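First the structure, in the form of structure tokens, and then the observations on it.
Whatever order the structure lists ligands and atoms in, that order sets their numbers, starting from 1. Just so we're clear, the structure is a prediction, and the values are computed from it rather than from any experiment.
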Amino acid sequence: MPWFSLEAFRGFTRYIYILQTKPGRERVKQRVQQPGAEVSAGGRAPAGREELHAAVGPGTEAAEGNRGCALRVPGNCSGLLPPGAARFICKENIVRKEPVQINSLVVIEAMSEKELPGLLILDIGGTYGVQENIVALLKKHFCLITMKEFLENKKEMSKKIQSVFVSECRPTVDQELLESLPNLKVIGNSGVGVDHLNLKMISNFGVKVTNTPHAVADSTADIGMALMLASARRLVEGSQIAISPHTKYFAVDWLGVEVTRATLGIIGMGRIGYKVAQRARAFEMKILYHNRKQRRKEEEQAVGAHYCEKMEDLLQQSDFVMLVVNLTPENHKMIGKKELGLMKPTATLINIGRGALIDQDALVEALQNNVIRAAALDVTYPEPLPRDHPLLKLNNIIITPHIGTATVQAIQMMAEEAIANMLAVLNGQPIPSEVFPK
Ligand SMILES: O=C(O)[C@H](O)CO
């Protein structure tokens, strides 16, 4: 039950104000996030000082009582406030126990719905749309416009849209879309990989691109470890044996291999690669890595990683090779027949980057002919693979449906990081994670 109506705030999506009981004394900031939102209790002054529990604006009807207050002491008012007065507040003064008049109400920020920057998203919910909890986050800062709404009313909507939230590569940002959004400032990609965006073309439109490298790091490193362990111990196959109606006994010669103390070769020692190394260290793995740039000595020592300037050296020595790089035109199919041939016949290839890093035809051949032991892929090209793709017919492979960041926590953090990036661009502030065209 609201203890006063918030007519004064209707139509506003964000309303931050400061109340001052007496000039120079306690100030309490409050925030109303949604139009007509309920405010049940206000901010609190520091302990031992006066407390303000809620505030209302001109024309606001105040119901009696102090429901929702942290301290229930008498002190209340009711009635319709005179326009322009902004004078009522349920004020609790532990000493006086009386309502007092507010000396000033300073509106420091009030944004109406129409003033929130327009953000284009594919859709809300459904197969490809933004999930409801993420929608709620985005709505605090943006006026959301779905692709359908945009297409139905292009003339009006195109002017409003200042940013596009790209999640799971959607919506597609192509020339046609860019041409139809004259006020577009930023593409906020939810995720670290931006291979689905034409950075040069977007930049030519004067539009910035941002990504979320921090939010994705833990969950993606975890899936790398999960795939490595699952492949080493043949978890998926084992599960099928355990639950099959045809299983009569468990064969004693059905064996996996150990991750512990094996050699892991990480290709791409960025934020995610380094987190994989930190995890692998707990398995006493010997860690090799190949990267454009060698990490600092202290960073190498912290995880016991050895730099291989040549990828070939890493491929020849590793029991597990993990791809943790972003896809670029330069590293397309970086693992092909030749590279697979350099790997140990007992080695496993893991890919948590992008499918096109691997020449999949060469991988099929290598797995069929036991050139390598196994593969574990969170990413393929395309996704999903056509149902008759030869990779799907092999026993020595695990494929997961691009779930590196598919956790409740990661998608929330990705949205938060994307929001921070987009707001920074719109407010002309330093951009936490901008992606530049090469
Ligand atoms: O790029 C990423 O961060 C993941 O693949 C999710 O899109």
Quiz item: Quick one: does ligand 1 sit under 4.0 Å from the side chain of Val192, the backbone, both or neither, non-hydrogen atoms only?
Solution: both

Self-check item: Shortest non-hydrogen separation from Ala374 to Ser231 and the atoms involved
Solution: CB-OG, 3.7 Å

Quiz item: Are any of the N or O atoms of Gly191 closer than 3.5 Å to those of ligand 1?
Solution: no

Self-check item: The single option from Thr263, Leu227, Leu229, Leu264 passing side-chain contact (heavy atoms from CB on, under 4.5 Å) against Phe320
Solution: Leu264

Practice problem: Please determine if Asp218 and Lys275 form a salt bridge, counting it only when a charged side-chain N lies under 4.0 Å from a carboxylate O. | Solution: yes

Quiz prompt | Arg354 and ligand 1 - part of the residue with a heavy-atom distance under 4.0 Å | solution = side chain

Quiz item: Quick one: nearest non-hydrogen protein atom to atom 6 (C) of ligand 1, plus distance?
Solution: Thr405 OG1, 3.4 Å

Quiz item: Does NZ or CZ of Arg295 fall inside the cone over Tyr289's six-membered ring, less than 6.0 Å from its centre and within 45° of the axis?
Solution: no

Practice problem: State whether Arg279 and Asp222 are salt-bridged, where the test is any N-O pair (Lys NZ or Arg NE/NH1/NH2 against Asp/Glu carboxylate O) under 4.0 Å. | Solution: yes

Quiz item: Which ligand 1 atoms are under 4.0 Å away from a heavy-atom of Gly193?
Solution: 1 (O), 2 (C), 3 (O)

Quiz item: So is His402 polar-close to ligand 1, meaning N/O to N/O under 3.5 Å?
Solution: yes

